[in-house]
Structures are given as structure tokens and as C-alpha cells.
Amino acid sequence: MKVSAAPWLLALLSAGWFRRLLHKPKPSSRESSLNSSHSASSSPPSSSSAKSSSSSCSMSLARSTHLSPALDISASGSARWAKSYDVCICHSQGDLELGAELVTYLEAQPESFRCFLQLRDAAPGGAVVTELCDAVQNSHCWVMLITPGFLQDPWCRYQMHQALAEAPLANGRTIPVLKDVDRKDYPRELRNLYYIYMALKESSFRQIRDTVVRYLQELCRSSSSSME
């Protein structure tokens, strides 16, 4: 009996932006040269808390703090390379296009962020539970695209709980992003964390990028200080 692919998947595969997204950026020469040394795997370096603050009228990660230009998070030997990904995007099936747009934006930044997008990067044949856990453990930061679909998706909540278990303190690794969700519906598990409210997509993407950079800067700075 012939089995047809789901209509939403066929639509995605025919979309030009999605075909381009499937061509994952090649690792930089610096990252490639470090892969062999990090494959031996040591314990992840400790990180200091990344700060965030709310806007005047809502809980938001937005702020005008300037990023430190002196610290090169892409330097050889940087603590950034201790994990396979800089950012893991957690989203519902219905928000795949939004997640893909965010990944395209982050991977095009000067920092060339390494992003995990489940449909593209999960191992074919891998168990869903294993792939979701590995994505969390192998990423520095986790972006939670909290939409009505996210709130109804048990796999999204599972991955959210895995992220909170991995780093229970509010240190900038978990980045909640609310879209089309009332503040009262913000998951209770995340209410000790500030969130980004996605009103303007471009502005929100920039906030996410700045938050990831800030966390990686603090991670590298803390790692360098501990080695001195």
C-alpha cells in the first residue's frame, strides 16, 4: 500500500526557503580544527549568570546593554566550542516556518551561530526522546518559541523540562519567546525567567541574537578567568 507524506511536509519540501535551510552551513575553519580535540570531551566549563531585565511594560529580555567588543567568542580554544551547538530552537510543528526563519537569521550573523533545528538536524531513525535530550545537552542556549501550538505540544513541554533540568538557574541559557500568547498563559515553570514578547519579528530576532552573544561572552570570560 502506498503511503503519502503529510501535506504540511510536502508543502515545506517544495518551499524554496526550506530547501535552502536544509543545506546546513559548513563549519568554520576554526571550528573544524577544534572538532578533533573536543571529540575527546571534557566536562563542560562552568558559566556565570547572564543578566536580563524587563521592559517598562512587560517581562522582556530586551535591553540596551552594549555587547563587549573586546571578547572574541570565536577564538581558538574558546569555551564556545565545548558544545556542538550554540542554540537549540524548540518549537511546535505548526511553528516550523518561524523556527526556520530564526535559524536562517542566526546562522547569517557575523558570529555564524550553530543552530539545532529538529527537522534538519535530528538523526534519521533516532528516538524522539533521545534526539530531544541530546539537542538540549549539546547546546549552550535554548530558545523556546512559546505559541498556542507550543503550549499544546507535549514534546515541546518535554524539551522545556529537559532544558530546565539541565540548567535550573536563570542564567541566560533558556530564552523564552512569546508569540500570540497572553501573559497569563506563560508556562508556570518559566515564570522565574524574563521573556521576549514577539511583536516585531526583526526586533525579536535581534534580541535573541544579543542574548545568545551575551551568554557566550560571559561563558568565555568565566572560563578564561578560571584558567588564570
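All residue numbers in this chain count up from 1 along the given sequence.
- Counting heavy atoms from C-beta on, the side chains of Ser78 and Asp72 never come closer than 4.5 Å.
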Next item on the list: Report the C-alpha distance between Leu178 and Ile196 in whole Å, list the side-chain angles of each, state the deciding distance to 0.1 Å, and finish with yes or no for side chain to side chain contact (heavy atoms under 4.5 Å, CB included).
Entry: CA-CA 6 Å; Leu178 265 65; Ile196 293 171; over 6 Å; no

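- Using a distance-only test at 3.5 Å, with no hydrogens or angles considered, a donor-acceptor pair links the side chain of Lys83 to the main chain of Gln137.
- For the pair Cys220 and Ala79, the tightest heavy-atom approach, listed with the atom from each and the gap, is SG-N, 4.1 Å.
- Between the CD atom in Gln159 and the CD atom in Glu131 there is a gap of 10.5 Å [rounded to 0.5 Å].
- In this structure, Asp153 and Arg157 have side chains that are not in contact, with every pair of non-hydrogen atoms separated by 4.5 Å or more.
- If you take CD1 on Ile146 and NE2 on His91, they are separated by 14.0 Å, rounding to the nearest 0.5 Å.
- Not one N or O on the side chain of Arg173 forms a donor-acceptor pair closer than 3.5 Å with the backbone of Ala167.
- To the nearest 0.5 Å, atoms CD (Glu101) and CG (Asp95) are separated by 11.0 Å.
- Side-chain N/O atoms of Asp180 and Thr147 include no donor and acceptor closer than 3.5 Å.
- A 4.5 Å side-chain heavy-atom check between Arg80 and Phe113 finds at least one atom pair inside the cut-off.
- Within the 4.5 Å cutoff, side-chain heavy atoms of Trp155 are placed close to those of Leu132.
- For the atom pair Met144 CE and Leu193 CG, the distance stands at 9.5 Å (nearest 0.5 Å).
- Between Cys115 and Leu106, the closest heavy-atom pair is SG-CB, 3.7 Å.
- What you find for Gln118 and Val128 is that their closest heavy atoms are NE2-CG1, 4.5 Å.
- From Ser84, atom OG reaches atom CG of Asp134 across 9.5 Å, with rounding to the nearest 0.5 Å.
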Next item on the list: Test side chain to side chain contact (heavy atoms under 4.5 Å, CB included) on His140 and Leu219 and set out the steps.
Entry: CA-CA 9 Å; His140 286 296; Leu219 172 68; 3.4 Å; yes

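- The two residues Trp142 and Ala135 come nearest to each other via the heavy atoms NE1-O, 4.4 Å.
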Next item on the list: Would you check, one step at a time, whether the test side chain to side chain contact (heavy atoms under 4.5 Å, CB included) holds for Trp81 with Arg114?
Entry: CA-CA 10 Å; Trp81 308 121; Arg114 301 162 301 157; 3.7 Å; yes

Next item on the list: Could you walk me through whether Met198 and Leu98 pass the side chain to side chain contact (heavy atoms under 4.5 Å, CB included) test, one step at a time?
Entry: CA-CA 11 Å; Met198 185 176 288; Leu98 177 61; 4.0 Å; yes

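- Pro187 has its side chain within reach of Leu190: a pair of non-hydrogen atoms, C-beta onward, lies under 4.5 Å apart.
- The shortest side-chain heavy-atom distance between Met160 and Phe150 falls under the 4.5 Å cut-off.
- Using a 30° and 60° split on the angle between ring planes, Phe205 and Tyr105 fall in the tilted class, from 30° to 60°.
- Taking the side chain as every heavy atom from C-beta outward, Val177 and Tyr197 never approach each other to under 4.5 Å.
- Atom CD1 of Ile89 sits about 14.0 Å away from atom CG of Leu119, to the nearest 0.5 Å.
- Minimum interatomic distance between Ser112 and Asp86 (heavy atoms only, all atoms of both residues): O-OD2, 4.4 Å.
- Salt-bridge annotation for Arg209 and Glu107: absent, with no side-chain N of the basic residue lying under 4.0 Å from a carboxylate O of the acidic one.
- Closest approach of Gly172 and Thr211 over heavy atoms only: O-CG2, 4.3 Å.
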